[in-house]
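As structure tokens, the structure follows; a few thoughts come after it.
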2 protein chains.
Amino acid sequence: MEDEVDRLVAAWRRERPDLDVEPLEVLSRVSRLARHLDRARRLAFAEHQLEPWEFDVLTALRRAGNPYQLSPGQLLTQTLVTSGTMTNRIDRLTKKGLVERLPDPSDRRGVLVRLTEEGQDRADQALAGLLDQERAILAELSRAQRGELAGLLRQLTAPFDNIPG
Amino acid sequence: MEDEVDRLVAAWRRERPDLDVEPLEVLSRVSRLARHLDRARRLAFAEHQLEPWEFDVLTALRRAGNPYQLSPGQLLTQTLVTSGTMTNRIDRLTKKGLVERLPDPSDRRGVLVRLTEEGQDRADQALAGLLDQERAILAELSRAQRGELAGLLRQLTAPFDNIPG
DNA sequence: GTCAATAGGCTTGATATCAAGAGACTTGAA
DNA sequence: TTCAAGTCTCTTGATATCAAGCCTATTGAC
């Protein structure tokens with residue numbers, strides 16, 4: 001079956017027959033698929049009254065394990081946003097009762113952000129919903145193909161994830 | 001080589017051993033790789049004094065072929081932004097001398113956006129730079145692996161691209 | 001002990017985006 | 001011909017983000 005990238009590549013080959021546009025076959029598909037996934041996730045989370053950014057913060061805390069708390073700085077590095085953005089996010093999640101700010105007992109400058117009971121429930125429910133949706137998207141592929149795809153993608157992501165970039 | 005998703009999946013298996021998180025092996029890698037690519041592209045375009053959104057608009061016009069012009073509405077559907085955003089983009093590109101607005105001779109409501117000479121040169125140069133960079137990223141894989149990866153990704157993108165979604 | 005340098009979180013100001021709607025023009029049915 | 005409905009672009013108002021800088025507390029060299 002043809003997709004949008006096939007059409008994109010065909011257009012470039014017509015307009016710029018001198019260029020080798022083969023890289024687009026892989027990387028444009030990655031970018032476009034990621035956009036589709038963003039939209040799909042937004043819909044899945046909306047069923048649990050969560051925005052994608054809320055899910056990101058809550059699940060970072062959830063994955064930290066009991067007692068489900070991290071400093072704002074640790075949340076920054078996990079979610080790749082700036083400190084101003086994180087302050088804003090914590091404010092809003094606090095207002096919704098999904099997290100709470102606690103003073104850090106070991107550093108009087110510091111703050112700890114902790115998941116509330118409700119925050120934990122919402123994160124768990126949204127994760128289950130997300131996984132169901134993702135399984136449906138991946139049903140296009142056999143189990144073996146999924147494994148192969150994961151392995152090929154790992155080869156591309158590993159350099160980014162391991163070099164300081 | 002391990003990547004960030006391996007660590008993510010391990011954390012979930014520890015915290016939620018009851019859940020099957022296998023879908024994350026593929027789709028979280030797609031999302032994370034797309035983010036890395038966005039950053040890398042921003043750097044590549046900066047060498048040509050272009051923002052990613054400028055590249056998107058200019059190359060849409062470039063791909064349209066001679067005389068390199070499209071209506072704002074056609075640009076909307078190609079770049080997936082809203083009309084307010086596109087008006088703003090065309091304004092800024094016009095100020096930089098990369099595109100120009102022309103009245104549509106066949107519809108007095110309408111406008112045509114046309115690439116200037118400089119806009120075409122900048123788009124062509126930026127595309128060549130992007131392809132060089134992408135080739136470097138893909139050097140991790142053999143030619144056969146790249147073909148396989150492109151095929152697997154196409155199976156996932158095709159439903160999104162062909163169903164009205 | 002003292003003080004400069006650093007770390008941690010928050011505040012401010014600017015910007016790009018989106019959603020909603022306004023204004024100008026075209027189309028098609030009566 | 002007329003006019004209601006549709007199309008196309010631009011404008012407005014609200015929002016989330018980022019970059020830069022501020023303030024407080026901690027650390028380490030002397």
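Protein chains get the first letters and strands the later ones, always in sequence-line order, with residue 1 at the start of each.
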Closest heavy-atom contact between B:Tyr68 and B:Arg62?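 Shortest heavy-atom contact: CE2-NH1, 3.4 Å.
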Heavy-atom pair with the smallest gap, counting every atom of A:Ala34 and B:Val30: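 Nearest pair, atom of A:Ala34 first, then B:Val30: N-CG1, 4.0 Å.
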Given C:dT17, is OP1 or OP2 found less than 4.0 Å from the side-chain N or O atoms of B:Arg92?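 Yes, B:Arg92 has a side-chain N/O under 4.0 Å of OP1/OP2 on C:dT17.
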State whether B:Arg101 places a side-chain N or O below 4.0 Å from either non-bridging phosphate oxygen (OP1 or OP2) of D:dT9.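 For D:dT9, neither OP1 nor OP2 has a side-chain N or O of B:Arg101 closer than 4.0 Å.
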Tell me which of A:Ser106 and A:Thr82 sits closer to the 5' end of DNA chain D, going by the nucleotide each one is nearest to. A:Thr82
Does any N or O donor sit under 3.5 Å from an N or O acceptor when you compare the side chain of [X] with the base of [N]?
X: B:Thr85; N: C:dC18; result: no
X: A:Arg108; N: D:dA25; result: no
X: A:Arg109; N: D:dT24; result: no

Sugar-phosphate, base or nothing in reach of B:Gly84, heavy atoms under 4.0 Å: base
Quick one: label B:Asp107 by what it contacts on the DNA or RNA (base, sugar-phosphate, nothing), any heavy atom closer than 4.0 Å.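 Counting heavy atoms under 4.0 Å across all strands, the contact made by B:Asp107 is with sugar-phosphate only.
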Starting from P on D:dC10, measure out to CZ on B:Arg89 and report it in whole angstrom. 14 Å
Roughly, in whole Å, what's the span from CG in B:Leu75 to P in D:dC8?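 Roughly 13 Å, once rounded to whole Å.
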Of the nucleotides D:dT9, C:dT17, D:dC18, which one has an atom closest to the side chain of B:Thr87?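 Per side-chain heavy atoms of B:Thr87, the pick is D:dT9.
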Are A:Asp56 and A:Thr79 close enough that a side-chain donor and a side-chain acceptor fall under 3.5 Å?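 No, no side-chain donor-acceptor pair sits under 3.5 Å.
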Using a strict heavy-atom distance below 4.0 Å, which residues from residues 56-72 of chain B are in contact with DNA chain D? B:Ser71, B:Pro72
Surrounding CZ of B:Arg42 (heavy atoms of other residues, nucleotides or ligands, distance under 6.0 Å), is the total greater than 12?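 It does not: B:Arg42 CZ has 12 such atoms or fewer within range.
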Walk me through it: do A:Asp161 and B:Arg32 pass the test salt bridge (Lys or Arg N to Asp or Glu O under 4.0 Å)? CA-CA 9 Å; A:Asp161 284 346; B:Arg32 291 187 61 91; 3.6 Å; yes
Going by an N to O cut-off under 4.0 Å, is there a salt bridge joining B:Arg122 and B:Glu54?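 Salt bridge absent between B:Arg122 and B:Glu54.
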Would the distance check show the side chain of A:Ser31 and the main-chain N or O of A:Ser28 forming a donor-acceptor pair, the cut-off being under 3.5 Å? no
